[in-house]
Structure formats: structure tokens, C-alpha cells
Number of protein chains: 2
Amino acid sequence: MSSNTVPVASNARSATAKISALKAGPPRVSFKTQMLQAREEAIVQAASRLLAEKGFDLMTVDQVAADVGIAKASLYKHFPSKEDLAAAAMVRVLGRARTFLASLPREAAPLDQLKTVVRWMMRLQLAGEMPSLPSQNSTLRATLMRNKAYLDGLMEASEQIGSWIEQAQAEGALDPRLPAIAVLYTLYARACDPVLEFLRMGGQHSDEEIVELVLRTCFCGLSSR
Amino acid sequence: MSSNTVPVASNARSATAKISALKAGPPRVSFKTQMLQAREEAIVQAASRLLAEKGFDLMTVDQVAADVGIAKASLYKHFPSKEDLAAAAMVRVLGRARTFLASLPREAAPLDQLKTVVRWMMRLQLAGEMPSLPSQNSTLRATLMRNKAYLDGLMEASEQIGSWIEQAQAEGALDPRLPAIAVLYTLYARACDPVLEFLRMGGQHSDEEIVELVLRTCFCGLSSR
DNA sequence: GTCTATAATCAGATAGAC
DNA sequence: GTCTATCTGATTATAGAC
């Protein structure tokens, strides 16, 4: 019932329609389209939060619609299925990842870049903003594999991170015996690591301590050095 | 539709009943009870397999019943709910873990014991015999927390493994700066590590190679030493 | 205890008015 | 595009005969 998003006021529609009708101009997004995109963003944001909180199977479309404050049928005008909605949530987080990756200084050491990325993913999970999709649901997998925006986003992020992995291995900072793809998967897996939640439930550590703890075990391992 | 289990022949019931009626003796399990337990074992085994394959939410009670070759209503005579069935599957795997732990030679180094346990868990997952329960489902969590056999089994395994962790840390084989509980969680997490499945999908490595690869990253980390 | 048949509920998706 | 109301199918769980 708690709507933590601010939907666009619906009574402003006729006014904006008139304005956009008066203005003739170059190909740009109209206010109407902007409002549409804003609503879609609100939907996807709510879906992301619920996906992080309950996971795909336990999240219901009713909850998403209620959270945004619209009817379920309206939601289905934007997204043809629950799977496509989840895919949109993944595209959104991949977009945020791209923005974050682009903001990183180029001069840092590859290993530090990787650690920074993993920290960012874990913080996102602890903040309840990392949608978690089950890898077992085949219909969801099929939808994701057909989604070009998802595949492109995943590819772009993987190429950037994979490049750092190879550089770090060439420098000898990362174990060169490990296949780069295995390293990539291992880093991605930190984004949905259940250890984060378990440690938080223990109540012995702050979120930052948890992040650094798991980061250490990820890169340095459990054994002594 | 494929029943990979061999249920006890039902036409043997009357005969066994007569035999058990003739024999008076010390308090022992009757054949009837044994048959009942065998059927329950078949149900739990099927549930374990389906839980590993599809996860709790996507597994249906119909599928379990069909897999065992009994009617769904019969299954509900044995287990009062789907959650209790999943709990029984967890109890079963914990029992297998206890048997395995008890079979380990006592003289081995604690660190090697831990690695042996993690190998066993990962092989079980790759064999499709490790039931995976979502940590998000609250009704399932509540059922598990009320299940004494589950809690006892988990406690016993955790105490044995925790003991090895402390010994390994005292010896300096395991990083003493890590909280023992964090190490325990990290080891348990290997039992449901999605990296295993992803690496298998890549098709570049055998199951044994995958196990050793993930084991290395778990204990030695990604960084060079 | 096992079965067939069914109740009860829930969730994804849609129809049709506005 | 948004709404209310509904359909449709799947799923957990149970009733009642044998």
C-alpha cells in the first residue's frame, strides 16, 4: 500500500497536450512521451525494489501496480508480461552499471577497478536495489535472451570488466591460471551472494564491514597468505 | 511421468501383516512401518531432486507425486504441507552430510577437512541432489525454524565444521582475521553457488575441473599469491 | 493409506467502458 | 492509457469412497 514513488499528476495531461500541440519543432520527445517514460521508470523502479526484496517468483504484478499506484491493466499496457517487466528491471540496473563504469577514472589499476565494481554491486544489493532473478526459471531466461537491450547492456559491462580482468592477470595482480570467464562469473556472483544477507542478519557488522569482509574473501580467499 | 523410484509392491501388504502378527517380540519397527518409511524416503528423494532442479517455488506437489507414482492426496497423508516436504528434503541432505562427516578420518588437517566438505557439497549440487530453498520465502523459513530435526541437523553439522574452522585459524592455515561465522557462511554458500552451473553451461570444463576451480577461488581467492 | 474428484485460492493476463 | 471487472489456468489442499 505504501507508494514510495511520485507518479505524474494525471490532471496535467490536457494542459501539456495543448502546449506540445502549439510547439512545432525538431524531432524531440514530447512532454506526453516524457510523462510516459517517467511512469515507466516508476514502474521499473518499483519492480526492481520488489525483485530485490522478494525475488521474481514471489513478486506479484499486483504488488508492483499497487506500489506505483496504478491499475494492473495499465501496467500491462507498458509491459506485455511479468518476464518482460523483470527484464526491464535488469536493463535498468545494467544502465546504472554502465553509468558507474563510465564514471571510474581510467588511470586506476585494473585490480582496483574490479574491486570498486564489486563493492558497488554489493552495496546495491544491501540497499535493496539489486533485482535478483532465479536462474532456474526457463521462461524468464528465454525472455531475457530475446531482449536486445539486456543482452547489449550485459555485453558492454562484461567487455569492460573482462578487459580489466585480462589486464590484471597480465600484470600478475590476478591469478593468471584462472580462466577469465570464471573470474567474471565469480565477480558477478557477489551481486547476489547470500552471505551478505546472512551476515547482516547476524547483526555483528555494519554494512560497510560486511562489504569489505566479503570483498576480502573474494579476492584473497579464506586461507592465510 | 518418469518414475525413477521403485515403490514397494502394494500386494505384499496382507502377507506381511500376517507375518508381523505372528511374531511377538521386542519393540522394533514392523514391516508395515518399514514400507511406510520406504515410501516416505521415495517421496523425499523425489522432492530433493525437483528442489535441486527447479527450486521451491517452481516445484509443484503434483510433480513430486507423479514422480513417485502416487496420488497427491496420498502424499499429503505423509507431509502436511509443501513447506514441510521441503523441510524433509533438507533434513535428508543434512543426514547425508552427517554420515559423510562421520566417515572422514580424524587425523587429517582441519583445512583439508574443510576442503573435503566443500568438494562434497559442490559435487552434490552438480549431481542435482542438493535441494535449493529460497531464503526469501518467509512461510518456508518459519516452517524450517519450527522443524527440530532440521535445526538439530544444521546445528550438528555447523558445530563440526565450525570446530575445524577454529582449529585451522589457530594453526594459521585459515585467515584468523575472518570471523568464524563468516567463514562458515562462505563455505555453505558454495553449496548453492551459481558459478558452478554457469561454468558447466560454458562447456569448457569437466565437473571435476569446475569443482577444483571454484574450490581454489574459495580458499585462495582471485588475486595472485 | 490410497485413490478420484473437487474445493479454494491465487496470480497472470485480458475485455471493454471511458 | 487508465480504469473496473473478469477470465483463465495453475496450484495447494481436502473430501469422501474403497
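Reminder, nothing fancy here: chain letters follow the sequence lines and each chain counts from 1.
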Look at all strands and tell whether B:Lys82 reaches a base, only sugar-phosphate, or nothing, counting heavy atoms closer than 4.0 Å. sugar-phosphate

Of the candidate nucleotides C:dC3, C:dG12, D:dT4, which contains the atom at the shortest distance from the side chain of A:Thr60? C:dG12

Please tell me which of the listed nucleotides, C:dA15, D:dA13, C:dC3, lies nearest to the side chain of B:Lys72? D:dA13

Rounded off to whole Å, could you give me the CG-to-P distance for the B:Leu58 and D:dA10 pair? 14 Å

B:His78 NE2 to D:dT12 P, straight-line distance once rounded to whole Å: 18 Å

What is the distance, rounded to the nearest whole Å, between atom OH of A:Tyr76 and atom C1' of C:dG16? 18 Å

Taking everything shown except B:Glu41 itself, do over 12 heavy atoms lie less than 6.0 Å from its CD? yes

Is A:Glu208 atom CD crowded by more than 12 heavy atoms from other residues, nucleotides or ligands, each under 6.0 Å away? yes

Given D:dT12, C:dC3, C:dA13, identify the nucleotide with an atom nearest to the side chain of B:Asp62. D:dT12

Rounded to whole angstrom units, what separation is found between the CG atom of B:Leu75 and the C1' atom of D:dT12? 12 Å

Just the rounded figure in Å: distance from C1' of D:dG1 to CD of A:Gln37. 15 Å

Determine whether the side chains of A:Ser158 and A:Tyr188 contain a donor N or O and an acceptor N or O closer than 3.5 Å. yes

The side chain of A:Ala73 lies closest to which of these nucleotides: C:dT4, C:dA15, C:dG12? C:dA15

A:Glu83 CD - C:dA11 P separation (whole Å): 15 Å

In this structure, which one of B:Val211, B:Asp193, B:Leu213 forms a side chain to side chain contact (heavy atoms under 4.5 Å, CB included) with B:Leu199? B:Leu213

Between A:Arg141 and B:Phe198, which heavy-atom pair has the shortest distance, and what is it? NH1-CE2, 4.4 Å

To the nearest Å, give me how far apart CD1 (A:Ile70) and P (C:dA13) are. 15 Å

5' precedence on DNA chain C between A:Asp57 and A:Lys77 (nearest-nucleotide basis): A:Asp57

Distance check needed: C:dG1 P versus B:Met35 CE, whole Å only. 10 Å

Have a look at A:Ser74 and say if it touches a base, only the backbone sugar-phosphate, or nothing, with a 4.0 Å heavy-atom cut-off. base

